[in-house]
Structure formats: C-alpha cells, structure tokens
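Here the structure is a predicted model, which means the values were calculated and not measured.
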Amino acid sequence: MDSFWSHANVAIFDHSKFGKVLVSVQQDITDRKNAESQIKKLNEELEGRVIQRTELLEAANKELEAFSYSVSHDLRAPLRSVHGFTKILLEDYEPILDDEGKRICKIYPQAQLRWES
C-alpha cells in the first residue's frame with residue numbers, strides 16, 4: 001500500500017434528526033508535499049553552492065589583494081626614480097623647457113602623492 005499526504009477539513013454541527021454530526025472532507029495533497037520536499041532539497045543544494053562559490057570568491061579576492069599589494073610595493077622604487085629625474089629636469093632645465101614640458105614635470109609629483117596615499 002502506497003502512502004500519501006492528506007488534508008482534512010472537519011466540521012461538527014447539530015442536526016435536528018441525527019444530533020451531533022461530524023463531516024470530514026479529505027484532500028490528497030501528496031503532489032504538493034512532494035513538490036515542497038523537492039523545493040527544500042533544491043534550496044539546500046543551492047545554498048551549498050552559494051557557500052562554495054562565496055569561499056572561492058573570497059580566496060580569489062585575497063589573491064588579488066596580495067597581488068595588488070605586491071605590484072604597488074614593487075612600483076614604488078621606480079616611481080621614486082622617475083620623480084627624482086623629473087625634479088632634476090625642473091631644477092636644471094626648467095628655463096629651456098617649453099610650457100607643455102613644464103606642465104608635465106609638475107603633474108608627476110602630484111600623481112605620485114596620490115599613488116602613495
């Protein structure tokens with residue numbers, strides 16, 4: 001014998017001829033319960049995948065942060081060198097630089113300050 005889910009609506013009332021009467025209406029809700037069970041199972045699987053992907057994303061973000069820190073750190077020395085050369089250009093050659101050359105040489109120190117902050 002197969003099992004099934006049932007939903008019952010029951011009413012009790014007084015009948016003039018029979019006295020107290022109980023009326024019950026049964027409804028087979030097996031399909032609905034099976035669907036609910038399937039949805040619950042799918043939600044649990046989805047939640048597991050979300051957790052797994054979140055862990056993968058967190059690991060990838062940590063790797064990107066480490067890479068970003070490394071690149072930032074590795075670029076500081078060359079940037080300081082370029083800053084030094086720019087400073088020398090302005091100190092020694094400013095009189096012979098055109099306006100665009102002066103402008104570019106003055107932009108670099110400001111950009112380096114933003115980089116280091």
Side-chain angles (χ1 to χ4, degrees):
M1 177 175 190
D2 292 334
S3 60
F4 65 95
W5 285 91
S6 176
H7 176 77
N9 288 319
V10 178
I12 300 173
F13 60 92
D14 289 319
H15 189 273
S16 60
K17 187 175 179 181
F18 301 109
K20 291 222 181 251
V21 176
L22 178 117
V23 176
S24 176
V25 176
Q26 300 287 321
Q27 181 181 11
D28 183 354
I29 60 169
T30 304
D31 290 342
R32 185 179 86 196
K33 287 295 189 175
N34 288 339
E36 288 172 359
S37 177
Q38 184 68 19
I39 289 170
K40 183 179 177 185
K41 179 182 172 189
L42 291 171
N43 281 338
E44 288 170 357
E45 289 174 10
L46 181 61
E47 189 173 321
R49 285 191 298 203
V50 167
I51 290 169
Q52 181 184 24
R53 290 200 176 132
T54 299
E55 289 170 355
L56 291 172
L57 283 172
E58 287 172 351
N61 278 340
K62 285 181 183 178
E63 288 179 27
L64 284 171
E65 286 173 9
F67 176 75
S68 174
Y69 175 81
S70 175
V71 168
S72 174
H73 181 64
D74 291 349
L75 286 176
R76 285 200 173 130
L79 288 173
R80 281 193 295 274
S81 295
V82 172
H83 176 67
F85 289 126
T86 304
K87 194 173 177 183
I88 291 169
L89 270 174
L90 281 175
E91 289 172 0
D92 296 347
Y93 297 98
E94 187 172 14
I96 59 173
L97 288 173
D98 65 3
D99 289 340
E100 182 65 7
K102 291 175 189 176
R103 185 186 72 78
I104 291 170
C105 288
K106 290 177 182 175
I107 288 174
Y108 185 80
Q110 297 167 355
Q112 184 188 11
L113 286 174
R114 282 194 303 262
W115 178 271
E116 290 180 352
S117 60

Open item on the list: Regarding Lys41 and Glu44, does a basic nitrogen lie under 4.0 Å from an acidic carboxylate oxygen?
Closed with: no
- [ ] Using the six-membered ring wherever Trp is involved, compare the ring planes of Tyr69 and His73 and label them parallel, tilted or perpendicular (cut-offs 30° and 60°).
- [x] parallel
TODO: Measure the spacing between CD1 of Ile51 and CG of Leu56 and express it to the nearest 0.5 Å.
DONE: 12.0 Å
Task: Greater than 12 external heavy atoms within 6.0 Å of Glu47's CD - done: no
Open item on the list: For Val23 and Val10: C-alpha separation, side-chain torsions, deciding distance, then whether side chain to side chain contact (heavy atoms under 4.5 Å, CB included) applies.
Closed with: CA-CA 6 Å; Val23 176; Val10 178; over 6 Å; no
Task: Side-chain touch His7/Gln26, heavy atoms, less than 4.5 angstrom - done: no
Task: For Trp5 against Asp28, the heavy-atom pair lying closest together - done: O-OD1, 3.2 Å
- [ ] Tell me whether Leu64 is reachable from Val71 by hopping between hydrophobic residues (I, L, V, M, F, W, Y) whose side-chain heavy atoms are closer than 4.5 Å.
- [x] no
Open item on the list: Other residues, nucleotides and ligands only: do more than 12 of their heavy atoms fall within 6.0 Å of CG on Asp99?
Closed with: no
Task: Shortest non-hydrogen contact between Lys102 and Glu94, atoms and distance - done: CE-O, 3.0 Å
Task: Point-to-point distance, once rounded to the nearest 0.5 Å, from CD1 of Ile88 to NE2 of His83 - done: 10.5 Å
- [ ] Looking only at non-hydrogen atoms, find the nearest pair between Leu97 and Leu89 and report the distance.
- [x] CD1-O, 4.2 Å
Open item on the list: Any heavy-atom pair between the side chains of Leu46 and Leu42 that's under 4.5 Å?
Closed with: no
Task: Side-chain heavy atoms of Asp74 within contact of Arg76, under 4.5 Å - done: no
Open item on the list: Once rounded to the nearest 0.5 Å, what's the spacing between atom CG of Asn34 and atom CD1 of Ile29?
Closed with: 10.0 Å
TODO: Look at the side-chain heavy atoms of Ile, Leu, Val, Met, Phe, Trp and Tyr, link any pair under 4.5 Å apart, and say whether Leu75 and Phe67 land in one connected group.
DONE: yes
Open item on the list: Looking at Glu36 and Lys33, is there a salt bridge between them, counting it only when a charged N and a carboxylate O are closer than 4.0 Å?
Closed with: yes
TODO: Taking all non-hydrogen atoms of both residues into account, name the closest pair between Thr86 and Cys105 and its distance.
DONE: CG2-O, 3.1 Å
Task: Donor-acceptor under 3.5 Å (Ser72 side chain, Ser68 main chain) - done: no
Open item on the list: Do Thr54 and Glu58 make a side-chain contact, defined as non-hydrogen atoms from C-beta onward lying under 4.5 Å apart?
Closed with: yes
Task: Test salt bridge (Lys or Arg N to Asp or Glu O under 4.0 Å) applied to Arg103 and Glu100, step by step - done: CA-CA 5 Å; Arg103 185 186 72 78; Glu100 182 65 7; 2.8 Å; yes
- [ ] Would you give the length of the straight line joining atom CG of Asp92 to atom NZ of Lys87, rounded to the nearest 0.5 angstrom?
- [x] 11.5 Å
Task: Non-hydrogen side-chain atoms of Val21 and Ile12 separated by less than 4.5 Å - done: no
